[in-house]
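Below: the structure, in structure tokens.
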Amino acid sequence: MNNRLENKFKALRKSGRKALVIYVTVGNPGVSATERIVKTLSSSGADIIELGMPFSDPIADGPVIQASSFKALEHGVDYAKFLALVKRLRRQIDTPLVVMTYYNVLFHRGKELFHELSSAGVDGLIVPDLPLEENRGFSVQAARCGLAFIQMVTPTTPEKRAKDICRKSRGFVYVVTLTGVTGAKNGLPAELLGNLQKLRKCTDKPLCIGFGISKPEHVLSVKKYIDGVIIGSAVIKIINKYGDTRKLYPALSRYINKMKAVL
Amino acid sequence: MPETLVASVAALGVEYHKLKPGRRFWDEVREYNKTYAGRATPLYHAKRLSALVGVKVYLKREDLAHTGSHKINNTLGQILLARKLGKKRIIAETGAGQHGVATATAAALFGLECVVYMGSTDVVRQSVNVERMKILGTEVRAVISGTQTLKDAINEALRDWVTNVRSTYYLIGSAIGPHPYPLIVRDFQSVIGNEVKSQIQDAEGRLPDYLLACVGGGSNSIGLFSPFYNDRKVKMVGVEAAGKGLHTGMHSASLTQGKAGVLHGTKTLILQDKDGQIAPAHSIAAGLDYPGVGPEHAFYKASGRAEYVSITDDEAVEAFKLLSRMEGIIPALESSHAVAQLMKMKKRFKPKDIVVVCVSGRGDKDIEVVMNYKARK
């Protein structure tokens, strides 16, 4: 397992805390704004940052992240700019960085992508449209580059398969809370608690829940069974609300503090 | 494919492989094709067109199938599958609206709830089909994200499916999507090629020299081609949309201009940029306006079994008018691409050649588009 991610979860478990993983789309509202946003998130206490590489057809994402992705692409954010930003961030912060992108980007770039991301200072990779059967080779190649290939478990994943996914996942296991796409919801499905209890028996690896989470109360009932919470759309909404203005950064800090208080 | 869908796609594969070898399922499909969809569709010897081209031209009249295109072949078959899987809600994507109408029809036939996703650009340019779907009791959801065409309609249908996967069957209309969809669509569309095979034997006592069909996602073409796969003397020509011209970048010619990639669960040839971002496609024919293509066509191309060419918007509109006036058949703009290719190949044909062109759909839906196109020029 990658050191930064591994150390982070070790430290959190030791102190009885849970990880706050924050997703942002790189280039929304602009690349230099993303740089300031990530630094703010990190200094405010976000434990892990998930950097979304914008993609033209983000099928796993709801309207908020979709719009942010299109906006970034419209602003001309490409792979080279993305990589350059990661390098700049890595020189300034030590927070674990995880990249989220779609399969065609990886397919197109090939295993070079792992090497390039890893040298830029990325610790893990999430590819939401690439299921276990098709990512085996990639997972091994990523590991060789010191990059954790993070696998996803969903409510429709059968138990035996979930065990397999947990075994193969590196860094942490991404537990999708609901059947659906990303985006804040009023509440999480009732089946989540049972699913987490089962998963907890399958694996000792860190379990992080994502999709639909925006408020502290979403987390309380399942906190016992998880190691972290992933939040994306709720943060993007804050970013969209203030844009790249002076008000944005304190607003992000306040949100991080509010979430951290229950984790 | 997202993990959430893996179990459902696998269940579809299991169910289909259970049904495929059995006669009872296919008897049921055949019965609906015959008594409901009006199959077999004619293979018509187009005499005036033949005289013009200098070979014997036969038109496979999929425009005469119920709902006005070949799409009904697949929707009837898949809706029977959906019923076997116990699904009560049907979703589909549509470009030109032909698949949407065919899905809405099949859903009405079996009393199932139906939602069709359609890019908002296509909602405007194929408004007749939108009204038809509504009349059939289907909810049409306009998709305003991305390029607002077929690709984005599929994205949105996939997002719906991920959300409602337990209750919902995704009825894909093109020979694309995760396995086993391309295979299922091909099998249900193979009725086109199988009919042609026996009809041409009856009419000419031999197999044709050429098969011509348009290729967007590639469902009518793979349906026509695949039964002839082993008949090596039968040459196959798939016709993609060159849109405003290949050099303009505004086209949908994924087979000739695309690179290997993965889109909508299909590994195939895709129009994309240097970073693997999917490039916007263009065609005057909404049903061809897709940056990917069925994986079996990519295979036919790589193995050399079929040849793939492209036809511009201008050429397609000319062919649309030509077939209307020469034979009294108003073809869909999609099918017009195949007709245009026929005219283009005039010099390549030998006098004794027999050519089958698939008229995959009727052109009523395109009247307005063609009228406006005329006005623009």
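So that the names make sense, note that chain A is the first sequence line, chain B the second, and so on, each numbered from 1.
For A:L73, the part lying under 4.5 angstrom from a heavy atom of chain B is the side chain only. Looking at B:K274, both its backbone and its side chain come within 4.5 Å of chain A, counting heavy atoms on both sides. In this structure, the portion of B:V6 lying under 4.5 Å from any heavy atom of chain A is its side chain and not its backbone. For chain A, the nearby parts of B:I278 are the backbone and the side chain; heavy atoms of each come within less than 4.5 Å. Heavy atoms closer than 4.5 Å to chain B are found in the backbone of A:P54, but not in its side chain. In this structure, chain A has heavy atoms under 4.5 Å from both the backbone and the side chain of B:A260. Contact annotation for B:D273: only backbone heavy atoms (N, CA, C, O) come within less than 4.5 Å of a heavy atom of chain A. In this structure, chain B has heavy atoms under 4.5 Å from both the backbone and the side chain of A:I59. Using a 4.5 Å cut-off between heavy atoms, A:F107 touches chain B through its side chain atoms alone. Heavy atoms of A:F55 lying under 4.5 Å from chain B belong to its backbone as well as its side chain.
In plain terms, the two heavy atoms of A:P58 and B:R159 that are nearest each other are O-NH2, 2.8 Å.
Of the listed residues B:T147, B:T163, B:D152, the one with more heavy-atom pairs under 4.5 angstrom with chain A than any other is B:T163.
A side-chain contact (heavy atoms from CB on, under 4.5 Å) with B:E3 holds for exactly one of A:D129, A:I165, A:V153; it is A:I165.
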